[in-house]
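Only one structure is covered here, and it is reproduced in the block below.
Letters A, B, ... mirror the listed sequences (proteins, then strands); counts begin at 1. Heavy atoms only: backbone and side chains are in, while hydrogens, waters and symmetry mates are out.
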Amino acid sequence: MQNTDLKIFNTLTRTKEVFKPVNPPFVGMYVCGPTVYNHVHLGNCRTFISFDIVYRYLLHLGYKVRYVRNITDVGHLVNEEEMTGEDRIGKMARIEKLEPMEIVQRYTNGFHDVMKQFNALPPSIEPTATGHIVEQINMVQAILDNGYGYVSNGSVYFDTLKYAKNHKEFGRLSGKIMDDLQVETRDLKGQSEKRHPADFAIWMKAQPEHIMRWNSPWSVGFPGWHLECSVMSTRYLGDKFDIHGGGMDLQFPHHENEIAQNIGACGHAPVNYWMHTNMLTVNGTKMSKSLNNSVLPGEMFTGENDVLAKAYDPMVVRFFMLQTHYSSTLDFSDEALQAGEKGFRRLMEGYKTLQSLQHKNGKVEESEDQAVTEECQACYEHMNDDFSTPQALAVLFGLVTRVNTYKDKGGVVSSISKETFDRLNKVFRDFIEDIFGLKEEEGADEEVVDGLMQLIIDIRQSSREKKDWDTSDKIRAVLKELEIQLKDGKDGTSWTKA
RNA sequence: GGUCGCGUGGCCGAGCGGCUAGGCAGGGCUCUGCAAAAGCUCGUACGGCGGUUCAAAUCCGUCCGCGACCUCCA
């Protein structure tokens, strides 16, 4: 159905490029997952939902995608720059008096629950850093063997200066210039172990109080944060794969260092297409764990937060995010969310309406038939243009108007051909269910159901009083089909779910 | 300070040289017992100032405002 090629904006080249997998029909995609020392917030979710769309669309195009998204459960320090930095997991374990792995398990579970609520497909592989200590040690050794690392007081650092001299790559992804970074030199604690401020630890010697520690040729310690992604992507996708994604805030230094490690170990760049999603903001400022302006998904779904006036269904939030391109910042506000909620419902109602329409062969209006065909096609072409969900959505809304018009005119469609009618149905199903991953909001809440049941019982009661048994029995019978059992007692009627 | 990006109508948000984005909100109309829904329709835009061009929201310069990264964050 697509006439155009899929184009992806590649951070490396800062241009949209036609997507050509290394080994079609297989596609390897790696996305930096969460560090599970705390709840994921909505900003984190935005990134994962964005890549869920990428994953879904690639699958829709027929690619065999291996989607790897890691769980960081060690090595991510509270302050990377200072040697005194404490491991994030270890810190929470100490504070909450739990095993580090209990922390990891708790927040991993929470993360999975949230992703499920957002209807995000699970990745093909979800590796953990602690599960790949051996591989990480091996990569540190490879980097040392190639002369791009040095041991200092039991820790191993990446020799950024030497790497930058031999490979022009350093700074390319993030647009940094090595000389600027030198100027950035600041007098920080523990920096003495490093030869250059831009050097970073690939293996760190554990301080005595550090809980998470492993044996290595250099010290009892733990792997550097940037290393795990290099190792796990290589392990599962090979040393040259298609797409690497993550939030924009990981571009530097995390992804830049990742490239350096891969080149340092394997001699060539690991990734063809780098994709970065933009930030979620609250009142114009980035949502961030460290800024304490986070809204948690759970708080959003229940409405218990300081930012928003009411609760929003996960599907509404997902839809809301799709209205903005992944590369733009997205600001959360109550007004915008409410508009999104109505828009979402309009779309879903339109989808339902479409499914209720009948096609009948008749006189085909050529221009209309052609317009519908073109609009259907446009949805795919917008997705092919760097996953432009807002534009695809706009076209879909245009089609919703058509669908509603068909319904107004009696629900029988004959002005477009059967083929076009079927295509229209396919586009809605493809986009709403497969590509956008949208589904109906969770069932009406208890309060509404209770209210409805009381109303039905009241109506039935008045028909019983009029001895209108046909009506009262019909109500009881239909409810029974819905697995609701009415119980007529002395004190009135109650109901239970069968 | 360095690097990058952004400023679009009441709100959100696409577009990025000529052609209606879209959603929400507001006005009018149609339909319907009423209401809602739905359809049709209307209005208010491209931060300021210059420049390039037959033509600029879209390119260039400049000024103003905002943000991100440069330190942990998706």
| said: What contact category does A/Ser388 fall into here, base, sugar-phosphate, or nothing, at under 4.0 angstrom with non-hydrogen atoms? | reply: nothing

| request: Tell me what A/Met248 touches on the nucleic acid: a base, only sugar-phosphate, or nothing, going by heavy atoms under 4.0 Å. | output: nothing

| field | Base partner of B/U3, which must satisfy Watson-Crick or wobble distances under 3.5 Å | value | B/A68

| query | Rounding to the closest angstrom, what is the interatomic distance between B/C60 and B/C16 at atom P? | reply | 14 Å

| request: May I ask you to evaluate whether A/Lys286 reaches the phosphate of B/A74, defined as a side-chain N or O under 4.0 Å from OP1 or OP2? | output: no

| request: For A/Thr353, report the nucleic acid contact type (base, sugar-phosphate, nothing); a contact means any heavy atom under 4.0 Å. | output: nothing

| field | Pairwise C1' distance for B/G47 and B/G67, with rounding to whole Å | value | 15 Å

| field | Nearest-angstrom distance, P atom, B/C24 to B/G13 | value | 16 Å

| With rounding to whole Å, what would you report as the distance between B/G48 and B/G43 at their C1' atoms? | 25 Å

| Taking protein heavy atoms under 4.0 Å as touching, what does nucleotides 18-30 of chain B look like 5' to 3' if B marks base contact, S marks sugar-phosphate-only contact and - marks none? | ---BSBSS-----

| request: Look at the side-chain N and O atoms of A/Asn44 and state whether any lies under 4.0 Å from the OP1 or OP2 oxygen of B/A74. | output: yes

| Which value, in whole Å, describes the distance between the P atoms of nucleotides B/C46 and B/G39? | 29 Å

| query | Are A/Asp249 and A/Lys286 within salt-bridge range, i.e. N to O under 4.0 Å? | reply | yes

| said: Students often mix this up, so state it plainly: with edges at 30° and 60°, are the rings of A/Tyr163 and A/Phe158 parallel, tilted or perpendicular? | reply: perpendicular

| field | Under-4.0 Å salt bridge between A/Asp430 and A/Lys426 | value | yes

| message | Any carboxylate oxygen within less than 4.0 angstrom of a Lys/Arg side-chain nitrogen, looking at A/Glu256 and A/Arg172? | response | no

| query | A/Leu347 has an atom CG; how far is it from atom P of B/A38, in whole Å? | reply | 12 Å

| query | Heavy atoms under 4.0 Å, any strand shown: does A/Gly246 hit a base, just sugar-phosphate, or nothing? | reply | sugar-phosphate

| Nearest-Å distance once atom C1' is located in both B/U71 and B/G2 | 15 Å

| query | Within the pair A/Ser288 and B/C72, is there a side-chain N or O less than 4.0 Å away from OP1 or OP2? | reply | no

| said: I'd like to check the salt bridge (Lys or Arg N to Asp or Glu O under 4.0 Å) partners of A/Asp334; sequence neighbours left out, ordered by chain and number. | reply: none

| How many Å lie between OH on A/Tyr406 and P on B/C40, as a whole number? | 12 Å

| query | Looking only at atom P, what distance separates B/C42 and B/C4, rounded to whole Å? | reply | 44 Å

| Mate of B/G22 where both pairing distances stay under 3.5 Å, Watson-Crick or G-U | B/C12

| request: Answer yes when A/Lys310 and A/Glu341 have at least one side-chain N-carboxylate O distance shorter than 4.0 Å, and no when they do not. | output: yes

